[in-house]
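Notes for the one structure printed next.
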2 protein chains.
Amino acid sequence: MAETMADRKKAILRAVTDDYISTAEPVGSRTIARKYGLGVSSATIRNEMADLEDEGYLEQPHVSAGRIPSDKGYRFYVDALMPERALTGLEEKKIRAECVKRSDEIQSLIRATARVLGELSNCASIVIGPGVKTAEIRHIQLVPLSADSVLVLVVTNAGLVEHRVLAIDHEMDPRDLENMSRMLNHRLRGSSLAQMRGRVLGEILADLNAYASFLEEMFDLLLSATRSSDQNRVYVDGLMRLLGQPEFNELERARPILEFLESDDLVLTELAGTASRGPGGAYATIGSENQRQELRECSVVCAPYGVGGQVVGTIAVVGPTRIDYSLAMSLVGYMAESLSDLLTRTQSAK
Amino acid sequence: MAETMADRKKAILRAVTDDYISTAEPVGSRTIARKYGLGVSSATIRNEMADLEDEGYLEQPHVSAGRIPSDKGYRFYVDALMPERALTGLEEKKIRAECVKRSDEIQSLIRATARVLGELSNCASIVIGPGVKTAEIRHIQLVPLSADSVLVLVVTNAGLVEHRVLAIDHEMDPRDLENMSRMLNHRLRGSSLAQMRGRVLGEILADLNAYASFLEEMFDLLLSATRSSDQNRVYVDGLMRLLGQPEFNELERARPILEFLESDDLVLTELAGTASRGPGGAYATIGSENQRQELRECSVVCAPYGVGGQVVGTIAVVGPTRIDYSLAMSLVGYMAESLSDLLTRTQSAK
DNA sequence: TTTAGCACTCGGCACAGCAGAGTGCTAACG
DNA sequence: CGTTAGCACTCTGCTGTGCCGAGTGCTAAA
C-alpha cells in the first residue's frame, strides 16, 4: 500500500525525514518549501503533510509545531526513500586503520570495532564478540603449569582463545597430558563445547578411562566457563554520545536506555535474536518495533558477522529514532563485513 | 593547625558533613540544632559556622542558603572526623558471593569486582586489572596450533593468561617447540616481559640461535601485545549511577566526568600513580586535589591491590565530593584486600 | 489543483511577585 | 565573655501573566 504513494508525497516525506534527522527540530511546511526546491508553495506542502499525518507517516508534537516522522514514517524511509550512502574514503580508512592494526588479538579487535563504530556513527555502539559455547573447536590442549595445576586451552574457529586453570589432586605425567591433548584434539576438533558433553564425552571416557575423573572435572570446568564468559562478550562504547543528542537532554528520557545498555546480560539476550537472520546486510529496528520497553524511543541498527558463513556475533548502533539510518546502516554493514573477512581470513590461514 | 580546632567546632563540621553527605542539601544552623543534639541553640551554631567558613572548611552556595563542606572541609572530615565504618554482614556476603564464585577466571573476577563495587557504593567504579608488562612471568609456553601458526602463551604471577598467535614461515617440529618452551621457561620465569628484552634476550638467542629469527619475532609480538593489552585492563561500571546524583542533574556538569571515565587510556594513566603508594589502605582524592580538570568536582577513593606485596592493579570509586567517604573507603579497602588475597592464594597454590 | 491570506493555537520566554529558608547583627542574659 | 532570642535582610525557587513567533487549518481566489 505504501508503494502507491504519489511521488510528491514521497519527496515531502523524504525531505521532512532528512531535515529532522539532521536538525532534530520539527520541520514546518515553509522550511520544506525553502530548503528543498519542490517547486510548490508551502500551502500545498501543508496539505500533503496533513495527508501524511492522517496516514500515519508523520506526527505533530503540538498543534502549532512542525511535523516529525512517526515510526511508520521512518520505516517507510528506510525501506524505500533513504539515499544509498557509500562510506567516504576517510571513513573507510579510519575503520581499516583501527581494526586491521588490532587484528592480532581478538579482544582488542572487538574493542576497537566498538570504539570506531561509536565514533563514526556519533551514537552508542555495541559489539557482541564471538562466543565459545557454540563455536567450533579448532584446537584444544592441556598445558602443564605446575605440579598441581593444568591449563586447559581451547581455540575456536573464530580465533577466540579461552582458557581455564584446573587444579589437580596428584601430579600427572606431562607425557600423559600430551597424549590426552592429542586425543581430545582428534575427537573434538570441529565440534562445539555445547555438543561436546552429550556426544563425545562417552567415547572419550571409554578411550581414556584411566583419567575419567580428571576429564569429568575438566569438562565441567569448561562448561561453566562458557557460561561465565558469555557476559564478557559484550562491548558497549559511546554511551555519553547519546546524552549529546537533543532528545535525551532530559535525563529521565535517557536513563532507562543507558541502564539497559549498561547491563551486559540484557544487551546480549536482546541482540541474540539477530543472529538468526543470517549474515550479510544491516537491519534497522525502529522505535516501537523494539520488543523491550526501554528501547521504544530508540532505533537499533545491527548486523551479524561470522566466520565462513556461520554467525558468531553481532555489531550494532543505538541512537534516537532520528538516527542517521543511511550512515548507520552503511557503517554497520561495512564493519560487519570487515570483521567477517578478518576472522575468516585468520581462520583459513591456519 | 587543624588539630587545634575546638571540639564543638569539630562536632558541627562533622554534623554538617554527615548531613550534607546524606541529603545533598545545604544544611542550616537550625537543622544542626534539631537533628544533632549538641545542646546549644541555632544562634551559637550560626556563629561557629561563620567561623568555619572564615577558616575555609565550609562554604555557602548563596548567601541565604545553608552551608556545605569545602574540599578542605572534606579533607579534614576524612582525616580526623569520619566514623570508622565496618561493612555489614550483608555487604561482605555479597562481595564474597560475587567475587569468590568468579575466581576461576581473572577477567570475570575483575568484571564482577567492578560491578559489585559500583552497586554497593552506589557510585561509578573502576577496576584496573593486572597488567602483563611488568608482571612476573610464571609460565611461558609455545603451543603448536597448525602447520603455520604457533600460540605463544604467557601466564603471569597474577594469574593473568596472555596469548598471541604467531604465524610462522616454515613448519617447525613440535619437539623443537617443546624444547624452546622448556628453555624459555627456565630463563624467563620470575622476570617480566618489560625487562625480558634487554636482559635475557641475548642469552637466549645465544643458546637457541638456530631459531633466532623466530624468537625475535616472538618477542616483538609479545612486546606489542603488552602495549595493546594495557587498554583492556580498565573496567568501569555504574556510570549511570553518577547521573542519579543530584549534583549531576544538569548534564553539563556530569558530561566531562563521564567522558573521562569512558576513555580507558585517561583512566589508566590517572590511576597509574596510585600504584606507587604501595598496597594496603584506601586513599581519597577530594575535588580540587585531583590533577585532572574533569575530576575537580569529584572525589576518587582508590586502593591498590597486588600479589604477594607487589602492586598489580587498582580499584576505585568515583562520586561527587559529597560521596560517602566512610562507606567508600571501607568498601574499596576491603575489596582490594579480598582481591589481593584471592590472587595471592591462587598463585601460591601453584 | 494550487496558491495566498488570515485567524487561531500553542510552546517558550521574560518578568514580576511571593513564600520560605537561612543568615548576620544587635541586644539582652547568666 | 560566651550564649541566646529576636529581627531585618537576602536570595532562591515557584507560580502566574502576558507576549512573541512559528506553524497550522481553513477559506476563497486564481
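Not measured: the values here are computed from a predicted model. Values reported hereafter were calculated over all heavy atoms of this structure, with side chains retained and with hydrogens, waters and symmetry mates removed. The sequence lines fix the lettering, A, B, ..., with proteins before strands; numbering per chain opens at 1.
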Can you tell me the distance, in whole Å, between the [atom1] atom of [X] and the [atom2] atom of [N]?
X	N	atom1	atom2	answer
Leu52(A)	dT24(D)	CG	P	12 Å
Asn47(A)	dT2(C)	CG	P	9 Å
Ile45(B)	dG22(C)	CD1	P	13 Å
Asp51(B)	dG2(D)	CG	P	11 Å
Glu53(A)	dC26(D)	CD	P	11 Å
Met49(B)	dT23(C)	CE	C1'	10 Å
Glu48(B)	dC1(D)	CD	P	17 Å
Ile68(A)	dT24(D)	CD1	C1'	16 Å

Do the side-chain N and O atoms of Tyr325(B) and Ser299(B) include a donor-acceptor pair separated by under 3.5 angstrom?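 Tyr325(B) vs Ser299(B): donor-acceptor pair found between side chains.
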Will you find, in the side chains of Asp18(B) and Tyr36(B), an N or O donor that is under 3.5 Å from an N or O acceptor?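 Distance-only check fails for Asp18(B) and Tyr36(B).
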Look at Glu247(A) together with Arg253(A) and state whether they make a salt bridge at an N to O cut-off of under 4.0 Å.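 No, no charged N to carboxylate O under 4.0 Å.
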Salt-bridge contact Arg75(A)-Glu289(A) (side-chain N to carboxylate O under 4.0 Å):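 Yes, Arg75(A) and Glu289(A) are salt-bridged.
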Options dT4(D), dT3(C), dG23(D), nucleotide nearest the side-chain atoms of Val40(A):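 Nucleotide nearest to Val40(A)'s side chain: dT3(C).
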Measuring only between side-chain heavy atoms, which start at C-beta, is Met335(B) closer than 4.5 Å to Val116(B)?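 The answer is yes; the side chains approach within 4.5 Å.
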Does Gln291(A) have more than 12 heavy atoms from other residues, nucleotides or ligands lying within 6.0 Å of its CD?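 Counting neighbours around CD of Gln291(A), 12 or fewer heavy atoms of other residues, nucleotides or ligands fall under 6.0 Å, so no.
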Restricting to nitrogen or oxygen on both sides, can you table the protein-nucleotides 4-6 of chain C pairs closer than 3.5 Å?
from: dG5(C); atom 1: O6; to: Arg46(A); atom 2: NH2; distance (Å): 3.2

Arg8(B) or Val27(A): which one's nearest nucleotide on DNA chain D is closer to the 5' end?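 Its nearest nucleotide lies further toward 5', so the answer is Arg8(B).
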Phosphate-side-chain proximity, Arg67(B) and dT23(C), N/O vs OP1/OP2 below 4.0 Å: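 Yes, because at least one side-chain N or O of Arg67(B) sits under 4.0 Å from OP1 or OP2 of dT23(C).
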Reckon Thr44(B) has a side-chain N or O less than 4.0 Å from the OP1 or OP2 of dT4(D)?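 Affirmative; the distance criterion is met.
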Pull out every protein N or O sitting under 3.5 Å from an N or O of nucleotides 8-18 of chain D, one pair per line with the distance.
from: dC11(D); atom 1: O2; to: Ser64(B); atom 2: OG; distance (Å): 2.9

All pairs passing salt bridge (charged side-chain N to carboxylate O under 4.0 Å, His left out) where residues 115-125 of chain B contributes a residue, at least two apart: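 Qualifying pairs, neighbours excluded: Asp264(A)-Arg115(B), Lys94(B)-Glu119(B), Arg115(B)-Asp237(B).
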Can you tell me how far CG of Asp19(A) sits from CD of Glu25(A), rounded to the nearest 0.5 angstrom?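 If I round to the nearest 0.5 Å, the distance is 9.5 Å.
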Shortest non-hydrogen contact between Val318(B) and Cys123(B), atoms and distance: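 That closest heavy-atom pairing would be O-CB, 3.2 Å.
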